[in-house]
Amino acid sequence: MINMTTPLVEMDGDEMTRILWQMIKDELILPYIDLKTEYYDLGLENRNETDDQVTIDSAEATKRLGVAVKCATITPNAARMDEYKLKSMWKSPNGTIRAALDGTVFRAPIVVKGIEPCVRNWKKPITLARHAYGDVYKNVEIRVPGAGRAELVYTGEDGTEIRETIQDFKGPGVIQGMHNTDASITSFAHACFKYAIDTKQDLWFSTKDTISKKYDHRFKDIFQDLYDNEYKDKFEEIGITYFYTLIDDAVARVMKSKGGFIWACKNYDGDVMSDMVSSAFGSLAMMTSVLVSPSGVYEYEAAHGTVQRHYYKHLAGEETSTNSVATIFAWTGALRKRGELDGIEELITYANDMERAVLWTIESGKMTKDLALITTLDNVTVLNSQEFIREIRKTYDSIK
């Protein structure tokens, strides 16, 4: 039994991923580790009961303890409001936590033999660096009831006012207000440049500054200034490159590339493009995701959603074959980082061996249905959700 000295922050979640969360703990963690966690229930019901205070508390605990692991959670829409009888349409928990930690999300596909990328020329993983603050995730929205003028107004502390007309509405519509800060954009840029240096990968950055001549252009300018003044010499020394391009050009380049680089994107772009990249590499459930703050705080999570359709099947007593790989890797990532920070080699070895066990299980032809549909391996065995996790345990026991 491996002992821990400092707890992880454990953020439980929703629906099928919540079911998998407990299976993973029962089969792959608790038999081997004297697990210490500070537990926060981020299930939608508890967020509603606590007026979302539990999400804020979990973020503060992450700052204090340094490492967190998070299950997938529901971001409610109108349908969820009715389904869960919510007091409010609560914000994305991920958005709240990202804003609190002021971090950058790095997502990379989990590459395994037998699951070939849809894009034939991709030979290496593509890492998505997603800005983790602002934009639509901290927006303000108004449903416009009828004709009238919408204005964007800034009032400085000294009383200075800047005013721009958004639209003279002739009838009903909608308005969305977004913001970002120079401080957060700068933290994002630093994180991307440092991660590129640490991993010795080229860094691409893309926005739509030709259309968004102030908002997106501010991102471009901050990145370029930091690169020119702080990182250019180091990049050239180790033989990696940084370049900026429009997001539509970046998409075209990505499709023709061989992979093996970091693609930095604004918040929404990173959200969408990470799903595209992970799906093209094989499955949304085959991607690692870690939020890294400027102060060196780490929050590991699965990059996919709560697998609602499988959850309803589970509730109906039907068998599911849900891919748990990304959730397992969230746990192993957090436990490895805890081991690194606390100097516990056994914990690092456990994480490395468990990840190998996951990959070896798939490569032996034992996998969930989503992978069986796209694998190039012959004579595969399709396992249900629990069987797959138990098969991983058998593999781990054979190599540890």
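We number each residue from 1, following the sequence as shown.
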Sequence neighbours excluded, which residues qualify as ring pair (Phe, Tyr, Trp, His ring centres under 6.0 Å) partners of [X]?
X: Tyr311; answer: none
X: Trp122; answer: Phe281
X: Phe223; answer: Phe188, Phe193, Phe205
X: Trp331; answer: Trp21

inquiry  = Tell me the closest heavy-atom pair linking Ile126 and Val254, and the distance in Å.
reply    =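 For Ile126 and Val254, the tightest heavy-atom pair comes out as CD1-CG1, 4.0 Å.
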Cluster partners of [X], using ILVMFWY side-chain heavy atoms under 4.5 angstrom, listed by chain and number?
X: Leu65; answer: Val9, Met11, Tyr40, Leu42, Val54, Ile97, Leu101, Val105, Leu291, Val297
X: Ile211; answer: none
X: Met81; answer: Leu44, Ile74, Tyr84, Leu86, Met89, Trp90

message = For Asn139 and Glu141: C-alpha separation, side-chain torsions, deciding distance, then whether side-chain hydrogen bond (donor to acceptor under 3.5 Å, both in side chains) applies.
response = CA-CA 6 Å; Asn139 69 357; Glu141 300 177 326; 2.9 Å; yes
Can [X] and [Y] be counted as an ion pair, charged N to O under 4.0 angstrom?
X: Arg64; Y: Glu38; answer: yes
X: Arg80; Y: Glu15; answer: yes
X: Asp249; Y: Arg253; answer: yes
X: Lys208; Y: Asp216; answer: no

request  = With rounding to the nearest 0.5 Å, note down the distance linking OG1 in Thr104 to CD1 in Ile262.
outcome  =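 The CD1 atom of Ile262 is 11.0 Å from OG1 of Thr104, to the nearest 0.5 Å.
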task = Kindly determine whether Thr320 and His314 satisfy side-chain hydrogen bond (donor to acceptor under 3.5 Å, both in side chains), including the steps that lead there.
result = CA-CA 7 Å; Thr320 64; His314 173 79; 5.3 Å; no
Has the side chain of [X] got a donor or acceptor atom that lies under 3.5 Å from a matching backbone atom of [Y]?
X: Asp202; Y: Tyr242; value: no
X: Arg149; Y: Gln167; value: no
X: Asp51; Y: Gln53; value: no
X: Asp102; Y: Ser187; value: no
X: Thr361; Y: Ala357; value: yes
X: Thr17; Y: Cys71; value: no
X: Asp342; Y: Ile344; value: no
X: Lys138; Y: Asp135; value: no
X: Ser398; Y: Thr395; value: yes
X: Ser321; Y: Leu383; value: yes

Within a 6.0 Å radius of atom [atom1] on [X], are there more than 12 heavy atoms belonging to other residues, nucleotides or ligands?
X: Glu164; atom1: CD; result: no
X: Asp158; atom1: CG; result: yes
X: Lys87; atom1: NZ; result: yes
X: Lys366; atom1: NZ; result: no

message = Filter on side chain to side chain donor-acceptor pair (under 3.5 Å), then keep only pairs touching residues 188-198, sequence neighbours left out; what's left?
response =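 Matches after skipping sequence neighbours: His190-Tyr231.
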State whether a side-chain donor-acceptor pair under 3.5 Å links [X] with [Y].
X: Lys70; Y: Asn94; result: yes
X: Gln308; Y: Thr306; result: no
X: Asn352; Y: Thr349; result: no
X: Thr368; Y: Asp370; result: yes
X: Ser206; Y: Trp263; result: yes

Centroid separation under 6.0 Å, is that true for the rings of [Y] and [X]?
X: Tyr350; Y: Tyr396; value: yes
X: Tyr244; Y: Tyr227; value: no
X: His179; Y: Tyr154; value: no

Going by salt bridge (Lys or Arg N to Asp or Glu O under 4.0 Å), name the pairs with one or both residues in [range], residues two or more places apart or in two chains.
range: residues 373-386; value: none
range: residues 345-359; value: Arg336-Glu355, Asp353-Arg356
range: residues 112-133; value: Arg130-Asp271
range: residues 25-34; value: Glu10-Lys25, Glu27-Arg390, Glu27-Arg393, Asp34-Lys36

inquiry  = Among Arg218, Lys266, His131, which residue satisfies the side-chain contact (heavy atoms from CB on, under 4.5 Å) criterion with Asn180?
reply    =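 Per the side-chain contact (heavy atoms from CB on, under 4.5 Å) rule, the option paired with Asn180 is His131, out of Arg218, Lys266, His131.
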query = Are Tyr39 and Asp12 close enough, and set up right, to give a side-chain hydrogen bond (donor to acceptor under 3.5 Å, both in side chains), and what steps lead you there?
reply = CA-CA 8 Å; Tyr39 179 85; Asp12 210 344; 2.7 Å; yes
